[in-house]
Amino acid sequence: MNPNQNIEPLRSRYLNAILSGNRSDAVKIIFSSLKRGIDIYKIYIDIISESQSIIGEMWHKGIINIAEEHLATVTTLEVMDALRSNNLNNRKLIGFKAVVAPVEKDEHMVGSRMMSDFLIMDGWDVDFLGSATPVKDLVEFIKNKPVDLVVLSLTNIEYQSNAIIMIESLIGILPRPKILLGGLAVKNPKIKIKDMKCDSIALDILEGIKEARRLMGLSKVRLSLEEHLLVIGKQIRSIRITKQLTQKDLSKASGLDRTYISAVEQGKQNMTFGAIVKISDALDINVDDLITSVNKNNLLDIN
Ligand code: B12
């Protein structure tokens, strides 16, 4: 399958699966999309997140009731469990602790759970607190354990005063954790950015992960050799599939053995520079683009 293909049919199948609470179908749709080369971030955002928004809108419009909405949401959370577990194998722990919580009274929790999963896949130790934690309890919770970063999610703009109070209370904790804010409401024109005394505000999950790292002084991400090889291998596989080439085609065009290509794509082959040039030529891309893809993709291709 071409990774750039129209994602709509997959989303529609996924939506039907979660609406009927069919966990096994939902997991199958997501994992087969992953296998076919669809980027994991695209899966989270364009399939899972979009479907959850559609489900929520159906509830808001009275098309489904709260029980049906809950069934779909719980099914999605189970799919996210499976997806996250599948992506932990090659993760390198970065040694920082984060607490992720929606602001007080905000019961929208799927977005913050996604942010939490991405942090875990990025190597963070994360406590995810589910929905609507009261300020007092959050502060007590954090006082009792050293936390490097508190990630707050604000979905409903009506609760922005709760976000402000929460941030001000967290600022008083010693040692003071860094505070990052995100969520649907931060894009709302009614948001009072200047009243939010947090350390950073991120508009989406990828920016959130980058900001989280930057706040810890990790803006320059250095990858190990294994991680470089994994990212380059995934990039080669993705470009090969986009160009509708088989491994055999790429082997023939590059003059490299098919088993070598297979090992490269799995990140198991420490390529010579000559092999990188041959593969780039065969894929009709610049060597530079292949190498710099490492910097662009290390946060996307967390697995
Ligand atoms: C699903 C949903 C619900 C579900 C929530 C289920 C659950 N357990 O989470 C239910 C049915 C419970 C619900 C209830 C309500 N909802 Co509602 N809901 C939605 C809906 C349709 C989708 C939200 C969602 O889950 N999206 C999927 C997730 C994955 O996306 P997301 O939350 O945006 O998160 C993404 C990003 O924002 C980001 N992100 C999230 N958090 C963070 C944090 C950081 C740090 C970073 C970097 C990124 C990040 O990452 C995610 C992936 O991209 C939205 C409208 C919409 N289309 O978005 C309305 C919406 C948020 N709800 C709304 C409202 C008004 C309500 C109710 C007040 C309705 C009512 N009358 O009771 C209640 C409030 C309950 C409460 N106390 O909070 C309004 C809010 C409007 C506003 N004032 O801001 C919206 C916008 C609908 C609308 N168009 O009016 N809702």
Side-chain angles (χ1 to χ4, degrees), residues 3-4 7-8 10-11 14 30 33-34 38-57 73 76-77 79-80 83-84 87 91 94 96 98-103 106-124 126 128-129 131 148-157 159-160 163 166-167 178-194 196 198-216 218-221 231 234 238 293-303:
N4 296 325
I7 212 129
E8 180 52 38
L10 288 167
R11 181 163 55 231
Y14 181 77
I30 294 301
S33 308
L34 203 58
I38 298 183
D39 183 89
I40 184 159
Y41 188 66
K42 225 175 157 49
I43 290 179
Y44 270 99
I45 304 301
D46 295 344
I47 302 183
I48 302 180
S49 176
E50 261 310 299
S51 301
Q52 277 309 122
S53 294
I54 295 170
I55 294 285
E57 296 295 356
T73 301
T76 276
L77 293 176
V79 171
M80 281 166 60
L83 199 47
R84 186 184 64 191
N87 280 286
R91 152 183 98 133
I94 60 172
F96 289 106
V99 167
V100 179
V103 305
D106 203 330
E107 282 170 17
H108 301 90
M109 50 77 81
V110 181
S112 52
R113 166 61 202 275
M114 257 182 207
M115 180 64 194
S116 163
D117 283 3
F118 269 80
L119 283 168
I120 292 171
M121 292 187 282
D122 192 43
W124 293 71
V126 180
F128 172 61
L129 304 187
S131 62
D148 302 294
L149 177 72
V150 179
V151 179
L152 297 177
S153 174
L154 175 64
T155 304
N156 187 338
I157 194 73
Y159 300 134
Q160 70 169 318
M166 228 167 199
I167 293 166
K178 297 282 186 194
I179 307 161
L180 170 67
L181 177 71
L184 189 64
V186 304
K187 294 180 190 158
N188 189 314
K190 286 195 211 152
I191 185 100
K192 296 173 188 152
I193 298 281
K194 68 172 179 24
M196 302 288 169
C198 50
D199 298 291
S200 182
I201 296 181
L203 293 179
D204 62 44
I205 286 201
L206 282 190
E207 194 184 322
I209 299 289
K210 284 180 187 155
E211 280 304 284
R213 281 183 167 249
R214 186 185 65 77
L215 291 173
M216 297 299 111
L218 291 177
S219 51
K220 286 214 169 90
V221 182
V231 175
K234 274 174 149 264
S238 162
S293 71
V294 170
N295 288 329
K296 284 192 227 126
N297 283 340
N298 58 43
L299 296 172
L300 280 176
D301 291 282
I302 296 156
N303 52 333

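Only this structure's heavy atoms are used, side chains among them; waters, hydrogens and symmetry mates stay out. Numbers for residues simply follow the sequence, beginning at 1.
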For Thr155, enumerate each residue passing the side chain to side chain donor-acceptor pair (under 3.5 Å) test, keeping only those at least two apart in sequence or located in another chain. none

What's the shortest heavy-atom distance between Ser33 and Ile43, and which atoms? CB-CD1, 3.9 Å

Evaluate Arg213 against Asp122 for side-chain contact (heavy atoms from CB on, under 4.5 Å), listing each step before the verdict. CA-CA 9 Å; Arg213 281 183 167 249; Asp122 192 43; 2.7 Å; yes

Sequence neighbours left out, what pairs pass side-chain hydrogen bond (donor to acceptor under 3.5 Å, both in side chains) with at least one residue falling in residues 183-192? none

Which residues pass the side chain to side chain donor-acceptor pair (under 3.5 Å) test with Gln160, sequence neighbours left out? none

Between the OG atom in Ser153 and the CZ atom in Arg113, the distance rounded to the nearest 0.5 Å is 13.5 Å

When rounded to the nearest 0.5 angstrom, what distance separates CG in Leu215 from OG in Ser200? 5.5 Å

Which residues pass the salt bridge (Lys or Arg N to Asp or Glu O under 4.0 Å) test with Arg11, not counting sequence neighbours? Glu8

Taking all atoms of both residues into account, what is the closest heavy-atom pair of Met109 and Phe128, and its distance? O-CZ, 3.9 Å

Tyr44: ring-ring contact (aromatic ring centres under 6.0 Å, His included) partners, not counting sequence neighbours: Phe118

So salt bridge (Lys or Arg N to Asp or Glu O under 4.0 Å) across residues 198-207, not counting sequence neighbours, yields Arg176-Asp199

Tyr14 and Val79: side-chain contact (heavy atoms from CB on, under 4.5 Å), yes or no, with the steps? CA-CA 10 Å; Tyr14 181 77; Val79 171; 3.9 Å; yes

Tell me, do Tyr41 and Ile205 make a side-chain contact under 4.5 Å, heavy atoms counted? yes

Partners meeting side chain to side chain contact (heavy atoms under 4.5 Å, CB included) with Ala163 (sequence neighbours left out): Val103, Leu154, Met196

Please tell me if the side chains of Glu50 and Ile7 come closer than 4.5 Å, counting only heavy atoms from C-beta onward. no

Partner residues of Asp46 under the salt bridge (Lys or Arg N to Asp or Glu O under 4.0 Å) criterion, sequence neighbours left out: Lys42

Taken in chain and number order and not counting sequence neighbours, the residues that satisfy ring-ring contact (aromatic ring centres under 6.0 Å, His included) with Tyr159 are none

Just verifying a value: how many Å separate Leu184 CG and Asn156 CG, rounded to the nearest 0.5 Å? 9.0 Å

Quick one: CG on Leu180 to SG on Cys198, what's the gap to the nearest 0.5 Å? 7.5 Å

Any side-chain heavy atom of Met114 sitting closer than 4.5 Å to one from Ile48? yes

Quick one, Ser51 and Thr76 - any side-chain contact, counting heavy atoms below 4.5 Å? no

What heavy-atom pair brings Ile40 and Met121 nearest, and what distance separates the two atoms? CD1-SD, 4.4 Å

Distance check, rounded to the nearest 0.5 Å: Gln52 atom CD versus Glu57 atom CD? 11.5 Å

For Arg84, what residues pass the side chain to side chain donor-acceptor pair (under 3.5 Å) criterion, not counting sequence neighbours? Asp117

Indicate the atoms forming the closest heavy-atom contact of Gly208 with Met115, along with that distance. C-CE, 3.6 Å

List the residues meeting side chain to side chain donor-acceptor pair (under 3.5 Å) with Ser116, not counting sequence neighbours, and say none if there are none. none

Does the side chain of Met166 reach to within under 4.5 Å of the side chain of Val150, using non-hydrogen atoms? no

Hey, which of Val151, Val100, Leu149 is the one that makes side-chain contact (heavy atoms from CB on, under 4.5 Å) with Trp124? Leu149

Here the gap from Leu152 atom CG to Leu129 atom CG, rounded to the nearest 0.5 Å, amounts to 10.0 Å

